[in-house]
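Chain A is the first sequence line, chain B the second, and so forth, proteins listed ahead of strands; every chain is numbered from 1. Predicted model only: the values in this text are computed from it and were never measured.
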There are 2 protein chains.
Amino acid sequence: MAGPKWLDSEEMKAWRLYITTSVDLMKALEDDVRPFGLTMGDYQLLAMISEAPDRRLRMCDLADQLRLSRSGLTRRMDGVLSNAWVARVQDQADRRVAYAELTTKGWNLLRKVAPIHLASVRRLMIDHLTRAEVKAIGSAFEKISNNLHP
Amino acid sequence: MAGPKWLDSEEMKAWRLYITTSVDLMKALEDDVRPFGLTMGDYQLLAMISEAPDRRLRMCDLADQLRLSRSGLTRRMDGVLSNAWVARVQDQADRRVAYAELTTKGWNLLRKVAPIHLASVRRLMIDHLTRAEVKAIGSAFEKISNNLHP
DNA sequence: GAAGATTGGTTGCGATCACAACTATTTCGG
DNA sequence: CCGAAATAGTTGTGATCGCAACCAATCTTC
């Protein structure tokens, strides 16, 4: 590695605040979707599907995008399936493949919750930041992400 | 709330990259401490205790700093206690209180792992950022944190 | 100084999730 | 084509962690 072994105080400050605050932030966002019977995991699943063509996504791709293992996704699907927010659709061409498809009920729920969730993201994070900080976070995590995914 | 309901594209980019990349980053850091028989949770526990006076911390304070529930900490302690990295010390003055105290074995382990962990933080995150981005992340999460903890 | 509230910590239980092993289907090498 | 390898998804198992209920010790209030 190029850099010295330790982090200087600016770096350490950024690292520590980032790590601890991220946990708190997630819990606060979780609190804000709970009244709708959703976890953040559920919300992200619904949001991810809603942006895909035909509001459906292969299980495999969905797992990748949600950073879940395939077994993790199978279990998470149990919840959204039993609530009928998502339907399971078997692919006719390749019968190994199943799609997760947003139902009308799921779509309606998401339309109701999304503005509230995004308002939470604003209230808890974005509204406290300068435009420069927003851009810096975007570019910083973009570089970190590019390095992580070769 | 003051702001508009939706996030603009800069804000959305920052938010999404932050959320997804944070998960990936955590997994990568986890991979780097695993060879030492540690989880990131264990590492953070040891690191937190090591910075306290006498390298000991009340269970309660430790739980707060690690963002764990008290029961969560009890269970996590099982691991570090059975590895004898941490010892349980009962307070004589207030007999409700237990301290988690870093053992010599735990201290030696931490001295070995800390440089490697910090090198990972550099390699995976800090070294990819400009000084301005590091400062922006520090100030941004500081403000988010201040808002979260009233 | 005794009753009730508060604080510190553990335990029972349920939810979430990853890994490994498994089944089913498709694709590829020869 | 046929068998081997790859791909998609599920299930068994174990780890982690929060909530609620609990016990024990201390503090508070009258």
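- For the pair Asp91(A) CG and dG9(D) C1', the computed distance is 13 Å after rounding to whole Å.
- An OP1 or OP2 oxygen of dA18(C) is reached within less than 4.0 angstrom by no side-chain nitrogen or oxygen of Arg34(B).
- The base of dG12(C) lies close enough to the side chain of Arg75(B) for a donor and an acceptor atom to sit less than 3.5 Å apart.
- In the set dT10(D), dA18(C), dG9(C), the nucleotide with an atom closest to the side chain of Thr74(A) is dT10(D).
- Applying a 4.0 Å cut-off to non-hydrogen atoms, the residues of residues 93-102 of chain B that approach DNA chain D are Ala93(B), Asp94(B), Arg95(B), Arg96(B), listed by residue number.
- A distance of 7.0 Å separates CD1 in Ile126(A) from CD1 in Ile137(A), rounded to the nearest 0.5 Å.
- In this structure, Leu73(A) reaches neither bases nor backbone, as no heavy-atom distance under 4.0 Å exists between it and the strands shown.
- Here Lys27(B) contributes atom NZ and Asp31(B) contributes atom CG; the two are 9.5 Å apart, rounded to the nearest 0.5 Å.
- Within residues 38-64 of chain B, no residue is approached by DNA chain D to less than 4.0 Å at the level of any non-hydrogen atom.
- A donor-acceptor pair shorter than 3.5 Å cannot be found between the side chains of His117(A) and Asp32(A).
- Taking the ring axis of Tyr99(B) as reference, the NZ or CZ atom of Arg56(B) stays within 45° of it and closer than 6.0 Å to the ring centre.
- No side-chain donor-acceptor contact under 3.5 Å links Glu30(A) and Thr39(A).
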| query | Do Asp24(B) and Thr21(B) pass the side chain to side chain donor-acceptor pair (under 3.5 Å) test, and can you show the C-alpha distance, the side-chain angles, and the key distance before you say yes or no? | reply | CA-CA 5 Å; Asp24(B) 298 335; Thr21(B) 306; 5.2 Å; no

| request: Decide yes or no on side-chain contact (heavy atoms from CB on, under 4.5 Å) for Glu101(B) and Val86(B), but give the supporting numbers first. | output: CA-CA 5 Å; Glu101(B) 183 175 299; Val86(B) 173; 5.6 Å; no

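- Listed candidates were dA8(D), dC17(D), dA20(C). Nearest to the side chain of Ser71(A) is dA20(C).
- Distance Glu30(A) CD to dT16(C) C1': 11 Å, rounded to the nearest Å.
- Between dC17(D) and Arg76(B), a contact under 4.0 Å exists linking OP1 or OP2 to a side-chain N or O.
- Classification of the Tyr18(A)-Phe141(B) ring pair by plane angle, with boundaries at 30° and 60°, yields perpendicular.
- Between the side chain of Arg55(B) and the main chain of Ala100(B), no donor-acceptor pair closer than 3.5 Å is present.
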